[in-house]
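Both ligands and their constituent atoms are indexed starting at 1 by order of listing. Scope of the values below: all heavy atoms of this structure, side chains included, with no hydrogens, waters or symmetry mates.
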Amino acid sequence: MRILITAGPTREFIDDVRFLSNASTGRMGCALARTALAKGHHVILVHGPIACEPPRCEKTIPVTSAEDMLDAVTANIADADAAIMAAAVADYRPAERIPGKIKKQQGGQSLRLDTTPDIAATVGLDKGERVHVGFALEASDGRRNALAKLRAKNFDLIVLNSPAAIGADLTDAELLYASGESEILSNVAKDQLAERIVTELETLKEKKGTCDGAR
Ligand code: C5P
């Protein structure tokens with residue numbers, strides 16, 4: 001299979017030196033890419049600024065903002081049999097980017113924010129025979145929110161975890177399928193979780209029945 005993987009955070013610049021972002025390290029996305037490669041798949045890795053060395057993939061596309069990530073994903077998704085959306089895309093971006101460096105002022109400053117494009121939802125609209133896997137990091141009401149995202153973004157499988165997963169070696173996760181099935185995984189290493197997700201992806205793709213993959 002050819003698998004497109006998104007990884008890491010995005011950066012949304014306020015001016016030329018400041019940006020909005022989040023604490024994602026990209027480790028989960030890199031672990032997924034390594035596992036997929038080890039299982040004989042081709043990988044297109046689209047990643048934001050990450051704290052880990054990405055493995056050597058068929059194609060590696062470093063990006064900065066959500067808009068850049070959307071462009072890279074839409075340009076490459078048609079070549080993929082499956083996609084894993086592991087990126088922690090920033091939800092908001094400044095309504096405008098100020099050239100140079102904004103001067104510090106006495107008192108507060110306010111920042112007008114726009115929402116960023118939803119990459120998974122955009123490419124989920126017309127996914128054909130592709131299998132799409134997503135992630136949901138939820139602080140509360142996890143199951144309900146993750147299931148809403150599974151439907152809204154047309155995922156076949158969504159991996160639910162909590163903010164404790166950020167930067168952690170071991171994590172708890174729940175796999176929630178579009179079919180209605182679910183499974184809880186406790187205290188798993190990110191490499192083990194990656195192995196499990198890629199295996200589930202292979203099974204889901206086999207069920208769809210049109211894989212012309214490399215394996
Ligand atoms: O809505 P939320 O950000 O929690 O959704 C998480 C899932 O959607 C992840 O798989 C993430 O990679 C993807 N996503 C995206 N584009 C966005 C926001 C999230 O692809 N703008």
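The residues Lys149 and Glu138 are annotated as salt-bridged, a charged nitrogen and a carboxylate oxygen being separated by less than 4.0 angstrom. In this structure, Arg34 pairs ionically with Asp191, as a charged nitrogen and a carboxylate oxygen lie closer than 4.0 Å. The pair Asp156-Arg130 fails the salt-bridge criterion, with no side-chain N (NZ, NE, NH1 or NH2) lying under 4.0 Å from an Asp/Glu carboxylate O.
Thr203 is linked by a side-chain contact (heavy atoms from CB on, under 4.5 Å) to Lys207, counting only residues two or more places apart in sequence or in another chain. A search for salt bridge (charged side-chain N to carboxylate O under 4.0 Å, His left out) contacts involving Lys190 returns nothing, not counting sequence neighbours.
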Which protein N or O atoms sit under 3.5 Å from any N or O of ligand 1? Give atom names and distances.
from     : atom 1 : to     : atom 2 : distance (Å)
ligand 1 : 1 (O)  : Lys153 : NZ     : 3.2
ligand 1 : 4 (O)  : Lys149 : NZ     : 2.5
ligand 1 : 5 (O)  : Lys153 : NZ     : 3.1
ligand 1 : 8 (O)  : Lys153 : NZ     : 3.1
ligand 1 : 10 (O) : Met85  : O      : 2.6
ligand 1 : 10 (O) : Phe135 : N      : 2.9
ligand 1 : 10 (O) : Phe135 : O      : 3.4
ligand 1 : 12 (O) : Met85  : O      : 3.2
ligand 1 : 12 (O) : Ala87  : O      : 2.6
ligand 1 : 16 (N) : Ile119 : N      : 3.0
ligand 1 : 20 (O) : Ala120 : N      : 2.9
ligand 1 : 21 (N) : Pro117 : O      : 2.8

Tell me which donor-acceptor pairs under 3.5 Å the side chains of residues 93-101 have, and how far apart each pair is, sequence neighbours excluded?
from  : atom 1 : to    : atom 2 : distance (Å)
Arg93 : NH1    : Glu67 : OE1    : 2.7
Arg97 : NE     : Asp16 : OD1    : 3.4
Arg97 : NH2    : Asp16 : OD1    : 3.2

